[in-house]
Amino acid sequence: MALIREPLDVDFFVDPKPLTKEERKLISDYIKVDKQKRRSLKTTKKKIAHKV
């Protein structure tokens, strides 16, 4: 596995402040919805492949 080099003209900053309960809930809800979308895409691809 190769290392990814950081571009010289880009600075990355990490904000150390903790998340609020509302922000945690928003992130959690987004992750749940995204997982459901991915599962539904996988099942539809499998169904299409088996019909051929």
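Numbering of residues begins at 1 and proceeds along the displayed sequence. What you are looking at is a predicted structure, and each value in this text was computed from that prediction instead of being measured.
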Residues in salt bridge (Lys or Arg N to Asp or Glu O under 4.0 Å) contact with Asp29, at least two apart in sequence or another chain =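 Asp29: salt bridge (Lys or Arg N to Asp or Glu O under 4.0 Å) contacts with Lys25.
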Under 4.5 Å between side-chain heavy atoms, chaining through other members, with only Ile, Leu, Val, Met, Phe, Trp and Tyr counted: pull out the rest of the cluster around Ile27, sorted by chain and number.
->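 Leu19, Ile31, listed by chain and number.
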Among Arg24, Glu23, Lys17, find the residue that satisfies the side-chain contact (heavy atoms from CB on, under 4.5 Å) test when tested with Thr20.
-> Glu23
State which residues pass side chain to side chain contact (heavy atoms under 4.5 Å, CB included) with Ser28; sequence neighbours excluded, sorted by chain then number.
->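 Ser28 satisfies side chain to side chain contact (heavy atoms under 4.5 Å, CB included) with Lys32 once adjacent residues are dropped.
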